[in-house]
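All remarks here apply to the structure that follows.
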Amino acid sequence: MTTQFKVGDIAIHRVVEQEAPFFPVLQFFPTLTKELFDENRSWLQPKYVDPESDKLLLCIQSYLLRTPHHNILIDSCVGNDKPRPTRPFWNMMQSDRYQKSLAATGLGVNDIDFVMCTHLHTDHVGWNTRLDNGRWVPTFPKAKYVFAERELGHWTERQKQDPASCPWVTDSVLPIVAAKREVVVKSDHTLNDQVQLIPSPGHTFDHYSVLVGKPGQDALITGDMVHSPLQMRYPELGMLSDYDSKQAGESRRRLFGRFCDTSTLLCTAHFPSPSTGRIVRFRDAFDFAPM
Ligand SMILES: [Zn+2]
């Protein structure tokens, strides 16, 4: 399994927490018809859809970038000890896979300068914090945590109104704010000449992707702008927890169009390993060419 590669002078590591069949495809994509699924089975199975269960195979992972200036962790997976009553496979996880995968990069929790959360869903914020004597403390003690302003505002308000609907905000986002480790930015923020946020709203209110490197030697860390190569062939296909599926489809059309048939490496959050590849033209849409 390829977990390390380079674009220009940036080393990119995948830090994997889980890889498994999770959700039935027709449940995950609520507007996907049985007919369209059947039409696409031959290429989706067995790589992207488990033939036994018809569940979507997903990887849960972070991307760790070693740039000349900073070590940047993008998204922080599910985490341990977190109550997730509506997601049995993530509830009160006790796994050492994430720590082992992080250790394999040669970096430790003290080496991370920035943690970037593309959005504030449960599988992208979990390792922001860890349990320490009954309190949630930042897992990466020296890091600044980069949140999009409107995304943070949206979830902070939602947590205030209905905390039971988003326990991950309570245990993995608000403790970062309480510890004053957050950096709140616009979703088109430029960190430096090699790291830039690209707005990709729709899946959540103020979702961002991250473009790293220099023209000709760059990578787009997508976050959940896309969940499956099926959404590259059918960009308008929404998924079950989208905030606004129409807007998410527009973000996919715009970003896939921008990087289609270029050398830009697409680094997806959830495609099965190797998770990375290039965007190519397919009919009136796009396709994924794995690395
Ligand atoms: Zn996700």
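Because only heavy atoms are used, hydrogens play no part in the values below, and waters and symmetry mates are left out as well, while side chains stay in. Quick caveat, the model's predicted, so the values are computed rather than measured. Ligands are counted one by one from 1 in listed order, and the atoms in each one are counted from 1 as well.
Using cut-offs of 30° and 60° for the angle between ring planes, the His119 and His121 rings count as perpendicular.
Between Asp38 and Arg41, at least one side-chain nitrogen of the basic residue sits less than 4.0 Å from a carboxylate oxygen of the acidic one, meeting the salt-bridge criterion. A salt bridge links Asp171 with Arg84: at least one charged nitrogen is closer than 4.0 Å to a carboxylate oxygen.
With the Zn ion (ligand 1) at the apex, His270 NE2 and Asp224 OD2 define an angle of roughly 110° (rounded to 10 degrees). Rounded to the nearest 10 degrees, the angle OD2 (Asp123) to the Zn ion (ligand 1) to NE2 (His124) equals 90°.
Checking His121 against the Zn ion (ligand 1), every N/O/S atom stays at or beyond the 2.8 Å cut-off.
Although no hydrogens or angles enter the test, the distance criterion places a donor-acceptor pair under 3.5 Å between the side chain of Asn192 and the main chain of Gln194.
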